[in-house]
Amino acid sequence: MRKKIVIANWKMNHDFHETSFFLRNFLKILLEKKINHNKEIIIAPSFPFLHISNQILQGTTLKIAAQNIYQMDKGSYTGEVSASMLKSIGITKVILGHSERRELFFENNDILFKKIKIALKYGLDIIFCVGETSFERNRDQQFYIVKNQLKETIFHCTRDEIGFFYIAYEPIWAIGTGKNATYEQAQTMHKFIRSLFLEKYGESISNRIPILYGGSINNLNAGDFFLQKDIDGGLVGKSSLKIENFLKIIQS
Ligand code: PGA
């Protein structure tokens, strides 16, 4: 059975004080109240706070992820952050392909594949996001879109490399809108994604690959998402920013 995974995507929200306050108090509550959640927990703070966040979580089972990397190894790319820099401060995971990066920063499948390659070169685990717009869903194109996002990126990877991935299905119309996908819509897409991995890489990889749902998950709906057969957890934005909400989600 696949372990459930909950990832907090803090986006450009918590500052230094909020980040360290959250992590220290979250840990304290987990330990003092002996919260039994049985999930893999990953938190994605902003770049400047990755190092301190990693230090705060040292010796715990919680992990830190970066929200992005640049697609080149190093050089004259003012303002960018490389996979090797993350590696040098002990970061082992990165989110790639988030729809906000695709839309606002024009990251297409070509760029994302370059980012995947460089992340793999440094041994980073990749939380890779896919999902359709409401325009595409209204035209019933969601399966075609998601298949293409995978085909042009991850599906160029070898079987061994697939072991570094978490997939996050995030319908764009559900992100930050308060309008989550139905459990059925999400489960149907997750089953479809798993079938694509089955076709391409065979049964053991398709049974193993974690597929998370993201898009307006909150403490009231998380449990029902996590009950679905092919949903292995959640990528949570807004509802991961407050300790009390996030605690409820990891216990769902
Ligand atoms: P949301 O964001 O939970 O605020 O909808 C999810 C995400 O963007 O990963």
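Note that the coordinates shown come from a computational prediction; the quantities given were computed from them, not determined experimentally. Both counts, for ligands and for their atoms, begin at 1 and track the order of listing.
The pair Glu107-Lys114 fails the salt-bridge criterion, with no side-chain N (NZ, NE, NH1 or NH2) lying under 4.0 Å from an Asp/Glu carboxylate O. Asp125 and Lys63 are not joined by a salt bridge, as no carboxylate oxygen comes within less than 4.0 angstrom of a charged side-chain nitrogen.
Only the backbone of Ala174 comes within 4.0 Å of ligand 1, judged by heavy-atom distances. Both the backbone and the side chain of Ile175 come within 4.0 Å of ligand 1, judged by heavy-atom distances.
Side-chain contact check for Tyr122 and Asp73: at least one donor-acceptor pair (N or O, by modelled atom type) lies under 3.5 Å.
Rounding to the nearest 0.5 angstrom, the gap separating the CZ atom in Phe16 from the OG atom in Ser46 is 13.0 Å. Remark: Phe225 CZ to Asn218 CG distance equals 8.5 Å, nearest 0.5 Å.
In this comparison of Ser99, Gly237, Ala8, the heavy atom closest to atom 6 (C) of ligand 1 sits on Gly237.
Taking every heavy atom of His98 and a limit of under 4.0 angstrom, the matching atoms of ligand 1 come to 7 (C), 8 (O), 9 (O). Here is the list of ligand 1 atoms found below 4.0 Å of a heavy atom in Gly176: 1 (P), 4 (O), 5 (O). Under a 4.0 Å criterion applied to the non-hydrogen atoms of Ser216, ligand 1 contributes the atoms 1 (P), 3 (O), 5 (O). If you number the atoms of ligand 1 from 1 as listed, the ones under 4.0 Å from a heavy atom of Gly215 come out as 5 (O). Of all atoms in ligand 1, listed by their number and element, those nearer than 4.0 Å to a heavy atom of Lys238 are 1 (P), 3 (O), 4 (O).
Given atom 7 (C) of ligand 1, the protein heavy atom at minimum distance is Glu170 OE2, 3.2 Å.
With a 6.0 Å radius and a threshold of 12 heavy atoms from other residues, nucleotides or ligands, Lys11 has its NZ atom above the threshold.
The cluster map of Ile, Leu, Val, Met, Phe, Trp and Tyr, joined by side-chain heavy atoms under 4.5 Å apart, puts Ile127 and Ile211 in different clusters.
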